[in-house]
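This report concerns only the one structure given below.
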Amino acid sequence: MIKFYNTLTKRKEEFSPIEEKIVKLYTCGPTVYDLAHIGNFRAYVFEDLLYRYLEFRGYKVIRVMNITDVDDKTINGAKSKGISLREYTDRYIKIFIEDMERLRLKKPDYMPRATEHINEMVEIIKKLLKKGYAYYKDGSIYFSISKFPSYGKLSGIDLSSIKVGARVDKDEYEKEDVKDFVLWKKVKEEEGVWWDTEIGRGRPGWHIECSAMSMKYLGESFDIHTGGVDNIFPHHENEIAQSEAATGKKFVNYWLHCAHLLVNGEKMSKSKGNFYTLRDLLNKGYNPIAIRYLLLSTHYRDPLNFTENSLKQAENTVKNYNEFYRGLNICGYEKYNPEIKKEIEKAKEGFIEYLDDDLNISPALSSIFSLIKKVNIFFSKGEFGRDNVKEVREFIEDIDKVLCIIEKKEESLSEDILNLIKEREKARKEKDYKKADEIRNVLKEKGIMLEDTPYGTRWKKN
RNA sequence: GGCCUGGUAGCCAAGCGGGAAGGCAGCGGUCUGCAAAACCGCUAUUCGCCGGUUCAAAUCCGGCCCAGGCCUCCA
């Protein structure tokens with residue numbers, strides 16, 4: 001039984017999808033005006049864990065991740081480069097997808113672009129106008145919060161206490177109520193970006209795209225909607241208002257939000273300039289799998305303070321984990337140890353029990369590390385057979401559908417090197433340790449490490 | 001000002017009423033021809049501070065301190 005902490009009810013709740021065994025999942029995606037930083041990727045890694053774990057538990061998951069390719073930042077970015085909005089955002093979408101691949105983020109079933117769903121947005125706005133939830137003011141269209149009594153139910157915000165920001169956009173002065181939000185922005189000729197639609201010439205506000213694209217691909221009511229905590233208000237609050245006002249139905253059952261990535265104790269953000277992009281870290285030589293592991297290994301609702309030191313720790317963990325996995329290759333014993341199967345079952349139960357509990361990853365990983373230790377003990381005692389190798393590998397591969405931290409390398413050695421290894425083994429048997437050590441050193445310089453085990457000599461590439 | 005989160009060993013991080021998981025790093029040992037890997041042991045009499053409730057609190061309650069977030073675009 002899976003439980004999730006639902007921001008809407010502020011409680012952990014048993015998860016039960018609308019349609020049995022099918023989960024419809026909407027995850028707020030990037031605004032493609034620049035490189036995403038790893039704070040952004042924390043959210044996407046969390047969503048990846050959610051996506052993969054639901055599949056691991058036997059659900060068919062239909063996942064949408066939107067691409068915001070029209071807003072102030074993308075428009076300004078394209079303008080300053082002197083290229084079209086499309087050309088500009090295409091560039092960053094391509095980079096974003098490459099970054100996702102580096103972090104092994106499973107591609108969502110749909111990655112719709114806002115600019116390709118203007119009609120769907122217009123339809124919702126028309127409904128809202130017709131039902132009296134929206135109004136025109138000076139060519140723009142706003143949502144009237146006062147018409148939607150449950151406004152604030154997600155964020156728990158008290159409308160009367162909202163402090164109106166000092167920076168107020170010019171057309172926001174035109175709203176009936178400062179707290180109302182824009183659905184459709186009247187054209188600004190100088191921006192050079194607009195659509196001619198039934199509701200006028202202009203471009204969409206930010207929030208409406210998520211309502212339009214989620215409902216198009218997932219239906220008017222769906223199971224899970226995720227994002228960073230900074231999206232709770234106003235973005236998700238507004239999505240609920242406009243969607244539920246338009247359809248009269250409950251929009252989303254479970255709202256999951258992940259905490260921020262901090263750097264030196266502060267939120268990592270573009271505006272603070274304290275961010276690392278994935279590329280920054282890769283250029284410094286860090287392993288993307290370790291970055292994935294680091295972002296994955298802290299519970300998603302806890303703030304994660306990012307440091308290069310913790311990334312180095314993560315690298316070691318990933319390295320050890322992979323060496324364990326690869327080291328399973330060699331084992332000469334014929335006998336089968338039934339205890340190992342029991343330990344695998346125990347580890348699997350732990351893994352599922354904890355991840356079922358609101359994706360509580362730390363103890364879930366802990367149960368895997370306990371298994372590794374047990375296996376190592378059996379291994380070094382020589383109580384580990386060939387079929388045990390197979391079952392442990394299969395288990396590690398199975399949970400790797402969720403974790404995705406195994407680095408499968410095409411590992412093969414040239415004839416020459418294999419012969420050298422054989423030669424060294426022969427020398428060792430003949431107690432010619434000088435020669436054996438020489439060969440070991442030669443191979444070490446080529447990045448091939450040798451380890452003598454009770455089962456024979458094994459090698460690994462650095 | 002309102003709402004919210006976190007403060008557990010050198011670092012990261014579980015536990016949320018009754019034995020302080022796990023990872024990384026370090027030290028000592030076992031194994032090994034030597035290594036490597038692995039294993040064993042050690043590394044928090046104590047969980048930000050002060051009170052309270054309780055037979056019993058890291059866990060509940062009250063107060064305080066520190067750090068951070070949201071209330072404006074933001075994952």
Side-chain angles (χ1 to χ4, degrees), chain A residues 7 10 27-31 33 36-47 68 71-73 152 155-169 172 179 206 226-235 237 257-262 264-272 293-294 297-307 309-321 323-324 327 350 354 360-370 372-373 375-381 428 431-434 436-437 440-441 444 449-454 457-460:
Chain A
T7 308
K10 289 161 189 64
T27 56
C28 272
T31 302
Y33 71 104
H37 59 65
I38 57 161
N40 303 127
F41 278 111
R42 189 204 182 176
Y44 307 134
V45 169
F46 147 63
E47 288 156 1
T68 301
D71 79 320
D72 290 355
K73 281 181 272 196
S155 56
I157 204 148
D158 174 7
L159 279 181
S160 61
S161 74
I162 289 188
K163 246 180 21 183
V164 178
R167 289 187 316 136
V168 182
D169 187 35
E172 284 184 326
K179 287 162 273 183
W206 175 36
T226 70
V229 286
D230 50 0
N231 274 337
I232 296 173
F233 188 88
H235 184 50
E237 195 70 72
H257 292 96
C258 82
H260 284 131
L261 186 76
L262 309 179
N264 295 323
E266 282 193 322
K267 176 181 169 182
M268 180 178 287
S269 71
K270 286 281 166 55
S271 52
K272 287 183 179 169
Y293 179 80
L294 178 62
S297 60
T298 294
H299 184 77
Y300 75 93
R301 283 190 292 114
D302 284 331
L304 193 172
N305 192 20
F306 177 84
T307 61
N309 179 41
S310 51
L311 181 53
K312 282 173 191 147
Q313 292 183 13
E315 278 195 329
N316 285 332
T317 306
V318 168
K319 183 167 153 269
N320 294 343
Y321 186 86
E323 282 180 5
F324 167 79
Y354 292 116
N360 195 359
I361 186 92
S362 296
L365 290 171
S366 172
S367 77
I368 303 307
F369 287 113
S370 299
I372 290 177
K373 191 161 201 165
V375 167
N376 277 329
I377 291 171
F378 284 122
F379 186 87
S380 59
K381 287 202 287 197
R428 281 186 75 225
K431 300 211 190 299
D432 183 355
Y433 296 121
K434 189 164 172 264
D437 290 352
R440 187 166 62 190
N441 284 334
K444 191 179 174 185
M449 310 292 285
L450 297 185
E451 290 175 11
D452 300 320
T453 79
T457 297
R458 73 181 176 196
W459 53 268
K460 62 187 180 194

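Protein chains get the first letters and strands the later ones, always in sequence-line order, with residue 1 at the start of each.
- As rounded to the nearest Å, B/rU8 and B/rU45 have P atoms that lie 14 Å from one another.
- As rounded to the nearest Å, B/rC66 and B/rG23 have C1' atoms that lie 27 Å from one another.
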Exercise for review: Any chance you could list the contact pattern along nucleotides 32-43 of chain B? Use B for base contacts, S for sugar-phosphate-only contacts and - for none, protein heavy atoms under 4.0 Å, 5' to 3'.
Suggested key: -BBBBSSSS---
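- Nucleotides B/rA37 and B/rA75 are separated by 40 Å at their C1' atoms, to the nearest Å.
- Distance alone, capped at 3.5 Å, places no donor-acceptor pair between the A/K381 side chain and the A/F378 backbone.
- Residue A/G39 is classed as a base contact, given a heavy-atom separation below 4.0 Å to a base.
- In this structure, A/I361 atom CD1 and B/rG23 atom P are separated by 15 Å, rounded to whole Å.
- In terms of position along RNA chain B, the nucleotide closest to A/T298 lies nearer the 5' end than the nucleotide closest to the other residue of the pair A/N316 and A/T298.
- The base-pairing partner of B/rG33, taking Watson-Crick or G-U wobble contacts with both distances under 3.5 Å, does not exist among the strands shown.
- No donor-acceptor pair closer than 3.5 Å links the side chain of A/R42 to the backbone N or O of A/L262.
- The backbone N or O of A/Y354 lies less than 3.5 Å from no partner atom in the side chain of A/N360, so there is not a single donor-acceptor pair.
- Nucleotide B/rC49: paired with B/rG63 (Watson-Crick or G-U wobble, both distances less than 3.5 Å).
- To the nearest angstrom, P of B/rA25 lies 14 Å from CG of A/L311.
- Among B/rG22, B/rA75, B/rA13, the nucleotide with an atom closest to any side-chain atom of A/S370 is B/rG22.
- If you take NE2 on A/H37 and CG on A/N40, they are separated by 4.0 Å, rounding to the nearest 0.5 Å.
- Rounded to the nearest Å, the gap between the C1' atom of B/rG26 and that of B/rC12 is 15 Å.
- Searching all strands for a Watson-Crick or G-U wobble partner of B/rC16 with both distances below 3.5 Å returns nothing.
- If you measure from atom CG of A/N305 to atom P of B/rC12, you get 7 Å, rounded to the nearest angstrom.
- The side chain of A/K267 approaches B/rC70 more closely than any other nucleotide in the set B/rC70, B/rC12, B/rC73.
- Proximity of A/T7 to A/R301: side-chain heavy atoms (C-beta onward) are nowhere separated by under 4.5 Å.
- Panel note: side chain A/S366, backbone A/S362; no donor-acceptor pair is recorded below 3.5 Å.
- B/rA21 is unpaired under the Watson-Crick or G-U wobble criterion, no partner having all donor-acceptor distances under 3.5 Å.
- Backbone-only contact: A/Y44 has heavy atoms under 4.0 Å from sugar-phosphate atoms and none from a base.
- Pairing for B/rA58 is absent, with no Watson-Crick or G-U wobble pair whose two atom distances lie under 3.5 Å.
- Judged by Watson-Crick or G-U wobble contacts below 3.5 Å, the nucleotide B/rG68 has B/rC4 as its partner.
- At the heavy-atom level, A/H299 lies under 4.0 Å from the strands shown only through sugar-phosphate atoms.
- Counting any heavy atom pair closer than 4.0 Å across all strands shown, A/L294 reaches no nucleic acid atom.
- Nucleotides B/rG17 and B/rG10 have their C1' atoms positioned 31 Å apart, rounded to a whole Å.
- The partner of B/rC27, taking Watson-Crick or G-U wobble pairs whose two distances both stay under 3.5 Å, is B/rG41.
- Checking A/M268 against A/K272, the closest nucleotide of RNA chain B that is more toward the 5' end is the one next to A/K272.
- Rounding to whole angstrom units, NZ of residue A/K179 and P of B/rC70 are separated by 21 Å.
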Enumerate donor-acceptor pairs with a distance under 3.5 Å from any side-chain N or O in residues 228-235 of chain A to protein atoms, sequence neighbours excluded.
{"from": "A/D230", "atom 1": "OD2", "to": "A/H260", "atom 2": "NE2", "distance (Å)": "3.2"}
{"from": "A/H235", "atom 1": "ND1", "to": "A/H207", "atom 2": "ND1", "distance (Å)": "2.9"}
{"from": "A/H235", "atom 1": "NE2", "to": "A/E239", "atom 2": "OE2", "distance (Å)": "3.0"}

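- Taking atom NZ on A/K10 and atom P on B/rC3, their separation rounds to 13 Å, with Å as the unit.
- Between B/rC40 and B/rG51, the two C1' atoms lie 44 Å apart (nearest whole Å).
- Look at the C1' atom in both B/rG63 and B/rU53: the space between them is 15 Å, to the nearest Å.
- Residues A/Y293 and A/L365 are in side-chain contact: their nearest non-hydrogen atoms beyond the backbone lie under 4.5 Å apart.
- Look at CZ on A/F233: it is 7 Å from C1' on B/rC71, rounded to the nearest Å.
- Taking 3.5 Å as the limit, the base of B/rC12 and the side chain of A/Q313 contain no donor-acceptor pair of atoms between them.
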Review point. Stepwise, does the ring pair (Phe, Tyr, Trp, His ring centres under 6.0 Å) test hold for A/F41 with A/Y44?
Key: CA-CA 5 Å; A/F41 278 111; A/Y44 307 134; 5.7 Å; yes
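- For the pair A/F306 CZ and B/rC12 P, the interatomic distance rounds to 13 Å; values are reported in whole Å.
- Aromatic ring orientation, A/Y321 versus A/F369: perpendicular (interplanar angle above 60°, classes split at 30° and 60°).
- For A/K73, the side-chain atoms get nearest to B/rC73 when compared with the rest of B/rC73, B/rG69, B/rC71.
- Between A/Y354 atom OH and B/rC16 atom C1' there is a gap of 14 Å when expressed in whole angstrom units.
- Comparing the C1' positions of B/rA9 and B/rA21 gives a spacing of 14 Å, expressed to the nearest Å.
- Residue A/N309 is in sugar-phosphate contact alone, with no base atom involved, counting any heavy-atom pair closer than 4.0 Å across all strands shown.
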